[in-house]
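We're numbering straight along the sequence, starting at 1. Just the heavy atoms: all of them, side chains too, but no hydrogens, waters or symmetry mates, feed the values below. Remember, it's 1-based here, ligands and their atoms both numbered in the order they're listed.
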Amino acid sequence: MRAAAAQTGSFAVPARRTSTGFTAALLRKPVAIAALVVLIVLVVAAIAAPLIAPYDPIVQDTAATRQGPSWVHLLGTDSLGRDLLSRLIWGGRDSLGGVALAVAVMLVIALPVGITTAYAGGRVDRVIMSIIDIVMSVPTIIITFAALAIFANSMTAAMITVGVLASAAFARIFRSAVLATRKELFVSAATVTGLRPFQILTRHVLPHATGVVLVQTSLFAAATLGIQTGLSFLAFGPPPPAPTWGGMVADASKVLATHPWMFVPTGGVIAVATLALGLLGDGIRDANAERFTAPIRTRDLFQKPAAVDSVVPTVASPLLSVRDLSIGFGEHSGLTVVDAVSFDIAPGEIVGLVGESGSGKTVTALAVLGLLGGTGRITRGSITFDGLELVGDLRALAATRGSGIGYVSQEPITSLDPTFRVGSQLIEAVRHHDRCSRAVARRRALELLAAVKIREPERVLRSYPHEISGGMAQRVIIARALAGRPRLLIADEPTTALDVTVQAEVLTLLRTVQQETGMAILLVTHDWGVVAETCSRALVMYAGQIVESAGVDDLLDRPRHPYTRALLASNPHGARRGETLPTIGGTVPSPADWPVGCRFAARCPLAVDECRAAPIPLIEAGPARTSRCIRIDALITDTAGGRP
Ligand code: ADP
Ligand code: MG
């Protein structure tokens, strides 16, 4: 148990709150604050109605009917000369009170049911889910009318009914939110460290699910307000002359042709309240997303790394420039998986990023796009694109994604949503960047499909992802990445999932697109054949560091790092019939076990004590090439290995 806990310790249990608290994140959203203020004003006004309403809401003044706004009646009067402002303030009690009641009923049922069923799993889960399915199939409106009939038009009964019936759908949503969080690595880690289920629930699972709960609650409140006012519009609920928002709209609608003004404040207050609830939900969702993907604390940016490399693989006027990039996972991002990586990419250049699985290639690519998932954070360093710093600047990132940097992920098929046609996903991407009409976007989508050499673009556009082949899907993904006309394409093992002939076609395609558009490509791969055919320069990564960089010919013919040499020697493309392929003995050390000195030393035939003593810096290993090896001289005279 101890050992297990120690092993996962570095992975486990992120800080309960990151430095950006939820409230702080929400308070940075002006629209959400405005929505919140509007809602607070409406609620406080309704509560304080007896104190602030200028008139009695049911007192009629037959001398002053259907008036427009004036100093005497700020929002005018209705058909019986009653003050509209006072009636709206009083009406808020029933309308907002009804919404609050329905929301409370929904939460009281849905939260415990959702959490319990997510946690219990197994048979309990199945039984509860079946009940939920049955309740969800009940038509809410009809049952609500039945409740109104039984309980003598009581709006309270109607709102309780709405809350009860809606709780089924929401229990389902909350169950998914809890389930999703339960599957996160840090929750399993917390379990392994011996925390009790209740502690895990309150400390790790629920904070992550709060966002979902709040968003869904505000959306449900907006929907309920619609039902509530709709029912009072239909003259259910409190009988006249009691003021209700829906009833007031009904009154206004009768004289809409002759006195349109009356409709403005009555309809307006419902519209404003609904909009405020929706916008608040949006704000909460964004704030919650930021809380758990907070990119970086800026002060960390200026921390000095342990050993900065004095030479880095640079180019004269880079498009992308990565400096001292470190990435951590787990509690306080304490487990470093990418360590002070620096490199540049020039406009129009194709650069390979090579290394065994687990060396940090994907994580590096994701960090450039600001897409580190889970507990991943950039803990140090800078990433500039076209001179613009991306680290810690969500706005710069958002502006860069897609139109500056395109991304083709490691898993092509799963990056298409199975529930939408290829066409709608592609057109969505085009419209996001071009802000054009659907027809124009469709034409461009067809051009893009033609550009990636799809022969029947019309048919593919109409297909669902499961109806097209893997190679086709990969082309669609590339087409989608090209929709924003990116100047840099990051392609993470774009051909790994494809068979050999399709691989070759996709690579040719990437090269053609590159030549036609002049975009740069960062091509992540572990295939030397791909590097040799496609790239002009390559970076070799090992255990979170760049260990060698050079022009492709230099790298393939004269590797200057024992790791590169060993990788090349174990390359199946160079294999000869009848000979066993040499493999690199041992495995890549996991980030928790990186040694102090050279990380490859344990597997290196040339390693000496000096290699293990201290961190090895990148050194110049010839014109425009670097290596993280102090035994280059021995490597050059050593005849074993190299490209066969
Ligand atoms: P590559 O793409 O080179 O195969 P990755 O970038 O996927 O390697 O992974 C680099 C390291 O980061 C690995 O040690 C991996 O275990 C770790 N890692 C990647 N994603 C996560 C994650 N979500 N949580 C914790 N560790 C991760
Ligand atoms: Mg990878």
Side-chain angles (χ1 to χ4, degrees), residues 7-15 18 180-193 204 208 292-295 322 325-341 343 351-381 383 407-415 474 477 490-498 522-528 530-531 538-549 563-564 567 570 584 586-595 599-600 602:
Q7 255 209 337
T8 52
S10 44
F11 257 105
V13 201
T18 52
T181 314
R182 274 197 69 195
K183 293 220 179 77
E184 294 267 1
L185 197 53
F186 61 83
V187 174
S188 343
T191 315
V192 180
T193 46
H204 301 298
H208 282 255
F292 293 109
T293 50
V322 174
L325 176 70
S326 294
I327 300 162
F329 278 97
E331 186 174 12
H332 306 302
S333 312
L335 182 71
T336 300
V337 302
V338 165
D339 193 7
V341 161
F343 63 90
V351 178
L353 182 58
V354 202
E356 281 167 288
S357 277
S359 45
K361 307 182 298 292
T362 296
V363 170
T364 304
L366 290 176
V368 171
L369 291 148
L371 293 178
L372 287 173
T375 57
R377 300 256 188 293
I378 294 176
T379 52
R380 197 175 65 214
I383 300 168
Y407 180 56
V408 175
S409 93
Q410 203 167 347
E411 286 136 57
I413 318 294
T414 51
S415 27
Q474 188 60 291
I477 302 286
I490 299 184
D492 191 353
E493 314 222 13
T495 58
T496 310
L498 309 175
L522 176 64
L523 187 63
V524 178
T525 177
H526 55 239
D527 185 334
W528 283 116
V530 171
V531 174
L539 313 163
V540 182
M541 257 188 111
Y542 185 76
Q545 293 179 318
I546 289 188
V547 295
E548 180 166 10
S549 76
Y563 177 59
T564 315
L567 266 187
S570 61
I584 316 179
T587 51
V588 188
S590 78
D593 308 324
W594 286 342
R599 294 179 185 167
F600 188 59

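When each atom of ligand 1 is checked for a heavy atom of Thr362 under 4.0 Å away, the hits are 1 (P), 2 (O), 6 (O), 7 (O). The atoms of ligand 1 that sit less than 4.0 Å from any heavy atom of Val337 are 11 (C), 12 (O), 17 (C).
With a cut-off of 2.8 Å, the Mg ion (ligand 2) has an N, O or S atom of Thr362 in range.
Not counting sequence neighbours, the partners of Thr362 by the side-chain hydrogen bond (donor to acceptor under 3.5 Å, both in side chains) test are Gln410, Asp492. With sequence neighbours left out, the side-chain hydrogen bond (donor to acceptor under 3.5 Å, both in side chains) criterion links Ser590 to Asp593.
With Lys361 contributing its side chain and Val540 its backbone, the two residues share no donor-acceptor pair below 3.5 Å. Checking side-chain atoms of Arg380 against main-chain N and O of Leu325 turns up no donor-acceptor pair under 3.5 Å. Remark: the backbone N or O of Ala340 is paired with a side-chain donor or acceptor of Ser326 at under 3.5 angstrom.
Not a single heavy atom of Ser590 sits under 4.0 Å from any atom of ligand 1.
Of the listed residues (Ala543, Gly355, Gly358), the one carrying the non-hydrogen atom nearest atom 13 (C) of ligand 1 is Gly358. Relative to atom 8 (O) of ligand 1, the option among Gly544, Gly360, Gly376, Ala367 with the closest non-hydrogen atom is Gly360.
Residue-level proximity to ligand 1 for Val363 is carried by backbone and side chain together, each with a heavy atom below 4.0 angstrom. Residue-level proximity to ligand 1 for Pro591 is carried by the side chain, the only part with a heavy atom below 4.0 angstrom.
Looking only at atom types and distance, the side chain of Glu493 has no donor-acceptor partner in the side chain of Thr525 under 3.5 Å away.
Taking any N or O of Ser357, backbone or side chain, none lies under 3.5 Å from an N or O belonging to ligand 1.
Taking the six-membered ring where the residue is Trp, Tyr542 and Tyr563 present tilted rings, their angle falling between 30° and 60°.
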